[in-house]
Amino acid sequence: MEQNTIFAPATAPGRAALAIVRISGPRALEALRALAGDVPPARRLSLRVLQDSSRGEVLDEAMVVAFPGPASATGEDLVELHLHGGRAVVAAVCDRLAGLPGLRIADPGEFTRRAFLNDRIDLTRAEGILDLVDAETDAQRRQALRQATGGLAAALDGWREILVTAMARLEAFIDFPDEDLPDSLQTEIRAGLSSLDAAMAAALAEGSRAELVRDGLRIAIVGVPNAGKSSLLNWLAKRDVAIVSATAGTTRDVLEVHLDINGYAATVADTAGLRETPDEIEAEGVRRALARAEAADLTLVLADASEGEAGRDAMRPYLVQESALAIATKIDLVEGPAPAPWIGLSTRTGAGTEEFLTALGTAMADRMDRVGSVALTRARHRDAVGAARAAVGRCLEALETGAPLEIAAEDLRIATAALGRILGRVDVEELLDRIFGEFCLGK
């Protein structure tokens, strides 16, 4: 890693009461001294006048704080300048920093990169920080915070601990065949690996949920023409997103809007009305509507309540999916409630809206809220855990069939390395030290 010192605003650009500029690297404290005249006591916010000594000009009166490395966010000497938030103030301070020897503007993500390279965080925490910055809903915030504060790393470290312990015990059988080690030790190894296999299977099963929380649920609204699809989208968005017209076939393409529904991120798509049509463009819209419904995580199937049972029957084929909610629209035009499982709704009068939102929130939570501490939020997490689980399965099979223990131990090394890739560390020496320490010291 380059040893030059980097700086960058840590707050969003624009007019604000405050702005923070961070400096990290071997010349961070020197840069603070050049601006403020001295370096205040470590980790204590201090008021200083920041000056450009080359021009004899005062830049700002600011609060400054120094974090000597390695006990800092990046593992290097780190300085924060808490400035007044005007654009001109931030620009002037950054211009002065750029003029100091050995300082340069940071590349995107470089502060986090240095924190990783200096072992202040692992890759999962770095990803959690990114997700926390990007979080737009409460569910995204909660999940990202768990990962950024080490929830996923702690779970993976626990899994690696099981693998390393099992590997060390297998190595004992391999290296000391004449020591008459108890057979119960292999039974304990198999029991521990079987529990780990079950935990990995559960995490993989829930992995898609964690990714849904991060990326948002895909919701498709489908129905025949004039079933109220565009009206429902506008009602959910609380603004006129789609054109509402009594003319059938008004919506001919997929129209998307990103929403926060009950604290969950969702991309809701209004689609073309489902019907047979000779119009080539509308037919393409119908094809896209069906494709979107098939790919959706949740489908809102709409039927016009005023069309009675015939309208509902026309949409029943689209209710076969588990991830579908049946909505009877324009319920204000008929008497009595909609028959189960249909939820009566009128976006014009508001009738049934509370019941609809409750059902929608429950359906969304059911697909996203069962994520535990082992939340595999990315495809690379799932791929690595899948590879680790496959290796554990091979190890268990080798132990059951009496295959050479060297084969079983090698599969455990593969599983450990796979989990290490998620965290950004694959330390073979750590494994060797653990094996040597546990058995050569009689533990």
For this session: List the atom of Ala153, the atom of Asp122, and the distance in Å for their closest heavy-atom pair.
Result: CB-OD2, 3.1 Å
Exercise. Has the side chain of Gln140 got a donor or acceptor atom that lies under 3.5 Å from a matching backbone atom of Arg214?
Worked result: yes
For this session: Could you tell me whether the side chain of Val64 reaches within less than 4.5 Å of the side chain of His82, counting heavy atoms only?
Result: no
For this session: Flag this pair as yes if the NZ/CZ of Arg22 is under 6.0 angstrom from the six-membered ring centre of Phe7 and inside a 45 degree cone about the axis; otherwise no.
Result: no
Exercise. Within the side chain of Glu30, is there an N or O that forms a donor-acceptor pair under 3.5 Å with the backbone of Arg27?
Worked result: no
Problem set entry | Any side-chain donor near an acceptor of the partner, Asp270 and Ser230, under 3.5 Å | yes
For this session: Take atom CZ of Arg120 as the centre, draw a 6.0 Å sphere, and report whether it contains more than 12 heavy atoms from other residues, nucleotides or ligands.
Result: yes
Exercise. Do Thr277 and Asp279 have side-chain N/O donor and acceptor atoms under 3.5 Å apart?
Worked result: no
Exercise. When you measure from the side chain of Glu206 to the backbone N and O of Ala202, does any donor-acceptor pair fall under 3.5 Å?
Worked result: no
Problem set entry | Donor-acceptor side-chain pairing of Ser231 and Thr347 below 3.5 angstrom | no
Exercise. Side chains of Val49 and Gln51: closer than 4.5 Å at any heavy-atom pair?
Worked result: yes
For this session: May I ask you to decide if Gly263's main-chain N or O and Thr137's side chain share a donor-acceptor pair within less than 3.5 Å?
Result: yes
Problem set entry | Polar side-chain atom of Arg380 near backbone of Arg421 as donor-acceptor pair, under 3.5 Å | yes
Exercise. So which heavy atom on Asn4 is nearest to which on Pro26, and how close?
Worked result: O-CD, 4.1 Å
Exercise. Does CD in Glu57 sit with more than 12 non-hydrogen atoms of other residues, nucleotides or ligands closer than 6.0 Å?
Worked result: yes
Problem set entry | Exercise: identify the closest heavy-atom pair between Ala387 and Ala418 | CB-CB, 4.3 Å
Problem set entry | For Arg218, side-chain contact (heavy atoms from CB on, under 4.5 Å) partners two or more places apart | Asp297
Exercise. Would you say the side-chain atoms of Asp60 pair up with the backbone N or O of Leu50, donor to acceptor, closer than 3.5 Å?
Worked result: no
Exercise. Which atoms form the tightest heavy-atom contact between Leu236 and Leu259, and what is the distance?
Worked result: CB-CD1, 3.9 Å
Seminar exercise, completed: The reported gap from CG in Leu345 to CG in Leu302 (rounded to nearest 0.5 angstrom) is 7.5 Å
Exercise. Would you say the side-chain atoms of His258 and Glu256 include a donor-acceptor pair closer than 3.5 Å?
Worked result: no
Problem set entry | Side-chain H-bond candidate by donor/acceptor type, Gln147 with Thr377, under 3.5 Å | yes
For this session: Compare every heavy atom of Gly223 with every heavy atom of Met315, then report the nearest pair and how far apart it is.
Result: CE-CA, 3.6 Å
For this session: Using a 4.5 Å cut-off on heavy atoms from C-beta on, say whether the side chain of Arg239 contacts that of Asn234.
Result: no
